[in-house]
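Have a look at the structure below, then the notes.
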There are 2 protein chains.
Amino acid sequence: MTARTTSAKTLGARTLGEGARDIPEATVARLPVYLRALTSLAEAGTRTCSSEDLAAAAGVNSAKLRKDLSYLGSYGTRGVGYDVDYLRYQIAREIGVTQDWPVVIVGIGNLGHALANYSGFRSRGFRVVALLDADPERHDEVVAGVDVRPFDDLEQIVTDHGVAIGVIATPALAAQDVADRMVACGITSILNFAPSVLSVPEGVDVRKVDLSIELQILAYHEQRKAQTA
Amino acid sequence: MTARTTSAKTLGARTLGEGARDIPEATVARLPVYLRALTSLAEAGTRTCSSEDLAAAAGVNSAKLRKDLSYLGSYGTRGVGYDVDYLRYQIAREIGVTQDWPVVIVGIGNLGHALANYSGFRSRGFRVVALLDADPERHDEVVAGVDVRPFDDLEQIVTDHGVAIGVIATPALAAQDVADRMVACGITSILNFAPSVLSVPEGVDVRKVDLSIELQILAYHEQRKAQTA
DNA sequence: CTCGTTTTGTTCTCGCGTTCACAAACTCCT
DNA sequence: AGGAGTTTGTGAACGCGAGAACAAAACGAG
């Protein structure tokens with residue numbers, strides 16, 4: 001009853017006078033893809049594109065794309081298409097990547113290293129303000145220009161920088177403890193790379209990325225292919 | 001029309017005399033989670049568990065869990081629950097992780113390192129048989145007990161080891177080329193970590209893991225929280 | 001100004017996935 | 001042996017998302 005992943009249900013009950021549109025979760029998950037496709041088009045010098053073009057670049061159906069964009073508003077021009085830069089800005093604003101998001105990463109193993117160095121974060125407004133690890137031997141290291149600090153500094157860092165998003169890249173056993181500490185400090189969004197199910201209170205969003213699960217899904221389909229062949 | 005992610009549609013049209021059950025895609029995605037939960041229960045010494053117990057450990061609704069398991073067969077006992085070891089074996093067999101899956105990883109940057117060292121692969125039957133990189137400077141390195149080899153060795157390795165699954169951990173620009181080469185060598189399942197949309201022919205499964213997209217989804221919800229507050 | 005062309009925004013329908021609710025089946029106790 | 005208590009497996013209802021199809025709107029040619 002506690003563990004809650006990002007769910008559209010709680011967001012549906014929103015009586016906001018202003019924008020008030022609640023975008024379906026499936027659409028939210030695709031907006032970043034559209035954003036990347038638009039960036040790619042802009043870099044190629046394209047000023048305007050049709051929904052067909054953009055859908056092809058994003059790898060989705062054009063009807064689905066138009067419906068997704070319609071949740072944001074009417075940013076296209078019939079008979080013409082979408083202005084690449086304008087649409088890009090609108091999506092970026094809607095997702096929230098026009099602002100700066102301070103992020104802490106806990107667990108500086110192989111994966112933590114990779115995440116800290118990942119350029120895709122910084123380019124989208126995510127700024128790694130701290131790397132934390134429980135192991136004192138790592139506290140001298142400097143990874144990606146940020147030095148590794150003890151896990152107990154979490155609260156200090158979170159309050160100092162106003163961190164709302166935390167990334168867990170620890171072993172499975174430590175993940176729940178880290179999550180609890182994060183929540184206690186005021187973090188309300190967690191990206192969990194540890195292979196464990198997290199329990200968090202209402203109002204905290206958790207997204208899970210599990211590398212081995214993805215491979216297992218592929219293995220299942222691969223096995224099916226082999227059986228019929 | 002070419003890019004196809006793992007879809008239940010094509011699997012539905014299957015006239016297999018034997019097991020012939022086509023498991024819904026959503027269920028397939030949860031089976032690895034159940035598998036991990038069962039392993040965890042087994043390590044804790046639990047011999048038997050109810051659907052309620054297992055559902056709690058896996059972080060899902062118990063009704064959903066029971067329905068998911070019912071696609072595999074009737075492996076429980078009413079009034080008692082499920083035998084942990086037995087169910088674990090059945091799920092593992094269904095997914096295909098009882099067998100050995102040779103895997104190649106292309107792109108040995110930070111993420112490639114992390115993937116090569118990830119213990120969760122080996123423990124589930126995935127064996128990294130080769131690490132490939134286009135950069136000649138890396139061909140001397142040994143990562144996770146496997147030495148890095150030139151990308152052109154791909155075909156040789158795939159045929160030698162019967163590799164069916166490939167992992168792409170290259171920059172975005174190289175990803176499509178790598179995918180094309182993989183497909184040409186006979187690889188039919190690709191796990192793509194590069195932030196780009198892959199085009200592959202019918203019959204090849206692609207799963208995408210995009211680190212920055214996950215953060216952007218969290219940012220969207222975080223922004224919504226802040227707006228109403 | 002009018003007509004034809006292009007492309008968006010939206011409505012409608014269908015299928016999948018989730019959840020509830022309950023009958024069937026098993027155990028244990030008396 | 002019989003009944004009370006559990007727990008599974010599944011039928012049915014419901015809601016969300018995908019895709020097709022079309023009407024509304026903009027543009028350009030004549």
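Quick note on labels: first sequence line is chain A, next is B, and so on, each numbered from 1.
Backbone-only contact: B:Tyr75 has heavy atoms under 4.0 Å from sugar-phosphate atoms and none from a base.
One atom, CZ of B:Arg66, and another, C1' of D:dT7, lie 8 Å apart when rounded to the nearest Å. Whole-Å rounding puts the A:Asp22 CG to D:dC16 C1' distance at 12 Å. Here the P atom of nucleotide D:dA18 and the CD atom of A:Glu25 are 12 Å apart, to the nearest Å. As a whole-Å value, the separation of A:Lys64 NZ from C:dG9 P is 18 Å. Protein atom CG of B:Leu87 is 12 Å distant from nucleotide atom C1' of D:dT8, rounded to whole Å. Atom CG in A:Leu65 sits roughly 12 Å away from atom P in D:dA18 (whole-Å rounding). C:dT8 atom C1' lies 14 Å from atom CG of A:Leu72, rounded to whole Å. What separates OH of B:Tyr71 from P of D:dG11 is a distance of 11 Å, to the nearest Å.
Ranked by how close their nearest DNA chain C nucleotide is to the 5' end, A:Lys67 and A:Gly81 are led by A:Gly81.
B:Asp68 is linked by a side-chain hydrogen bond (donor to acceptor under 3.5 Å, both in side chains) to B:Thr27, B:Arg30, B:Tyr34, counting only residues two or more places apart in sequence or in another chain. Looking at residues two or more places apart in sequence or on another chain, you find a side-chain hydrogen bond (donor to acceptor under 3.5 Å, both in side chains) between A:Ser50 and A:Asp53. A:Ser123 pairs by the side chain to side chain contact (heavy atoms under 4.5 Å, CB included) definition with nothing, not counting sequence neighbours. Legend: residues meeting side-chain hydrogen bond (donor to acceptor under 3.5 Å, both in side chains) with B:Arg124, ordered by chain and number and at least two apart, are absent. In this structure A:Glu214 satisfies the side-chain hydrogen bond (donor to acceptor under 3.5 Å, both in side chains) test together with B:Arg207, sequence neighbours excluded.
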Identify all side-chain donor-acceptor contacts of residues 165-176 of chain A below 3.5 Å with residues at least two apart in sequence or on another chain.
{"from": "A:Gln176", "atom 1": "OE1", "to": "A:Ser199", "atom 2": "N", "distance (Å)": "2.9"}
{"from": "A:Gln176", "atom 1": "NE2", "to": "A:Asp180", "atom 2": "OD1", "distance (Å)": "2.8"}
{"from": "A:Gln176", "atom 1": "NE2", "to": "A:Ser199", "atom 2": "O", "distance (Å)": "3.0"}

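Only A:Ser50, A:Ser51, listed by number, bring a heavy atom of residues 41-57 of chain A to less than 4.0 angstrom from any atom of DNA chain C. DNA chain C lies under 4.0 Å from no heavy atom of any residue of residues 32-40 of chain A.
Put simply, the side chain of B:Glu222 reaches to within 4.5 Å of the side chain of A:Thr188, judged on heavy atoms. Using a 4.5 Å heavy-atom threshold, the side chains of A:Leu65 and A:Asn61 count as separate.
Using a 4.0 Å cut-off, no side-chain N or O of B:Asn61 falls inside it from OP1 or OP2 of C:dG17. Within the 4.0 Å cut-off from OP1 or OP2 of D:dG9, at least one side-chain nitrogen or oxygen of B:Tyr82 is found.
For residues 59-97 of chain B, the set of pairs meeting the ring pair (Phe, Tyr, Trp, His ring centres under 6.0 Å) definition, not counting sequence neighbours, comprises B:Tyr75-B:Tyr86. Sorted by first and then second residue, the side chain to side chain donor-acceptor pair (under 3.5 Å) pairs involving residues 109-118 of chain A (not counting sequence neighbours) form an empty list. The list of salt bridge (Lys or Arg N to Asp or Glu O under 4.0 Å) pairs with a residue in residues 33-49 of chain B, not counting sequence neighbours, reads A:Asp210-B:Arg36.
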Annotated protein contacts, base or backbone, on nucleotides 23-30 of chain C with a non-hydrogen cut-off under 4.0 Å, one of B, S, - each
-BBBS---
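For A:Ser70, counting side-chain heavy atoms from C-beta on, the closest listed nucleotide (D:dA18, D:dG9, C:dG9) is C:dG9.
For the 3.5 Å distance criterion, the side chains of A:Arg224 and A:Gln227 fail to qualify, holding no donor opposite an acceptor.
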